> 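Take a look at the following structure, please.
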Amino acid sequence: VQLQASGGGLVQAGGSLRLSCAASGRTGSSYTLGWFRQAPGKEREFVAAMSRSVRSLVRTNYADSVKGRFTISGDDVKSSVYLQMNSLKPEDTAVYYCALDTSGWVASSGQDRYRYWGQGTQVTVSS
């Protein structure tokens with residue numbers, strides 16, 4: 001499985017960006033696509049995740065720091081996930097990674113569950 005993330009860039013505080021991640025290969029019938037980020041000098045942290053069950057039920061999970069500002073959505077046909085980021089703050093500046101957990105319908109925030117990772121896309125928010 002390969003993950004391709006895109007959509008990063010430079011934006012002013014208060015602005016918006018939309019990240020995309022496409023998974024190629026077999027994701028399985030129940031899976032989670034998640035977003036994580038790593039700011040300079042900091043550990044990688046969970047941002048948001050979306051799970052799809054074998055019956056196409058959807059479950060989402062967000063970090064407290066992005067709730068109400070970020071929205072995760074997905075396209076099961078395309079095995080893709082999107083992260084709409086609104087009201088961006090300078091502290092959102094980081095490299096954003098998408099990741100895939102094929103073990104089930106969990107929408108976990110735990111990085112250890114995610115076996116496949118994309119290459120990352122830079123998001124920079126200027127003040």
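These figures come from a predicted structure and were not determined experimentally.
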> A side-chain contact here means heavy atoms from C-beta on lying under 4.5 Å apart; do Q111 and F46 qualify?
no
> Counting only N and O atoms by type, is there a donor-acceptor contact under 3.5 Å from the side chain of Y62 to the main-chain atoms of I72?
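Yes, the answer is positive, given that a donor and an acceptor are paired below the 3.5 Å cut-off.
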> Any side-chain heavy-atom pair from L10 and V125 closer than 4.5 angstrom?
no
> Between R44 and Y97, is NZ or CZ placed under 6.0 angstrom from the six-membered ring centre and within 45° of the ring axis?
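Yes, cation above the ring, under 6.0 Å and within 45°.
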> Does the side chain of Q122 come under 3.5 Å of the side chain of T124 through a donor N or O and an acceptor N or O?
yes
> Without swapping roles, check the side chain of Y114 against the backbone of S108 for a donor-acceptor pair under 3.5 Å.
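Side chain of Y114 to backbone of S108: a pair is present.
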> Write down the atom of V106, the atom of S51, and the distance for their closest heavy-atom approach.
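Closest pair (atom of V106, atom of S51, distance): N-OG, 3.3 Å.
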> Could you tell me whether the side chain of N61 and the main chain of A107 form a donor-acceptor pair under 3.5 Å?
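Such a contact is found between N61 side chain and A107 backbone.
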> Rounded to the nearest 0.5 Å, what separation is found between the OG atom of S109 and the CD atom of E45?
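The distance works out to 11.0 Å.
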> Is a side-chain donor-acceptor pair under 3.5 Å present for D75 with S80?
no
> Hey, any chance L33 and Y116 share a hydrophobic cluster, counting ILVMFWY side chains that come within less than 4.5 Å of each other, even indirectly?
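Same cluster.
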> Is there a side-chain contact between Y31 and R52 in this structure, where contact means two heavy atoms from C-beta onward sitting under 4.5 Å apart?
yes
> Are more than 12 heavy atoms, taken from residues, nucleotides or ligands other than R115, located less than 6.0 Å from that residue's CZ atom?
no
> Between R113 and S103, do the side chains contain an N or O donor and an N or O acceptor separated by less than 3.5 Å?
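Yes, because at least one side-chain N or O of R113 sits under 3.5 Å from a partner of the opposite role on S103.
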> Starting from the C-alpha separation in whole Å, work towards a yes-or-no answer on side-chain contact (heavy atoms from CB on, under 4.5 Å) for V47 and F70.
CA-CA 9 Å; V47 177; F70 291 10; 3.8 Å; yes
> Judged by atom type as modelled, is there a donor-acceptor pair below 3.5 Å linking the side chain of T121 to the main-chain atoms of S6?
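Such a contact is absent between T121 side chain and S6 backbone.
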> Is the CD atom of Q38 crowded by more than 12 outside heavy atoms at less than 6.0 Å?
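Result for CD/Q38: enclosed.
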> Out of curiosity, R69 CZ to M85 CE, how far, rounded to the nearest 0.5 Å?
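Spacing of CZ (R69) from CE (M85) equals 9.5 Å.
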> Indicate yes or no: at least one non-hydrogen side-chain atom of L83 is less than 4.5 angstrom from one of T71.
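Heavy-atom side-chain distance check fails, nothing below 4.5 Å.
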> Assess whether side-chain contact (heavy atoms from CB on, under 4.5 Å) is satisfied between V95 and R37, documenting all intermediate values.
CA-CA 5 Å; V95 176; R37 66 186 182 187; over 6 Å; no
> Is any side-chain heavy atom of Y82 closer than 4.5 Å to one of L19?
no
> Can you tell which of T93, L17, D92 makes a side chain to side chain contact (heavy atoms under 4.5 Å, CB included) with V11?
L17
> Any side-chain heavy-atom pair from S24 and Q4 closer than 4.5 angstrom?
no
> How about F36 and W117: are their ring centres within less than 6.0 Å of each other?
yes
> Is the charged tip of R55 near the ring of W105: under 6.0 Å from the six-membered ring centre and within 45° of its axis?
no
> Does the pair D64/K67 count as a salt bridge with the N-to-O cut at 4.0 Å?
yes
> For residues C21 and V81, determine if any side-chain heavy atom of one lies less than 4.5 Å from a side-chain heavy atom of the other.
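Yes, side chains in contact.
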> If you look at every heavy atom in S16 and Q84, which pair is closest and at what distance?
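Heavy atoms of S16 and Q84 come nearest at CB-NE2, 3.9 Å.
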> Determine, stepwise, if the pair L100 / V1 fulfils side-chain contact (heavy atoms from CB on, under 4.5 Å).
CA-CA 9 Å; L100 173 66; V1 177; 3.5 Å; yes
> Do V58 and V66 belong to the same hydrophobic cluster, where Ile, Leu, Val, Met, Phe, Trp and Tyr are linked whenever their side-chain heavy atoms lie under 4.5 Å apart, directly or via other members?
yes
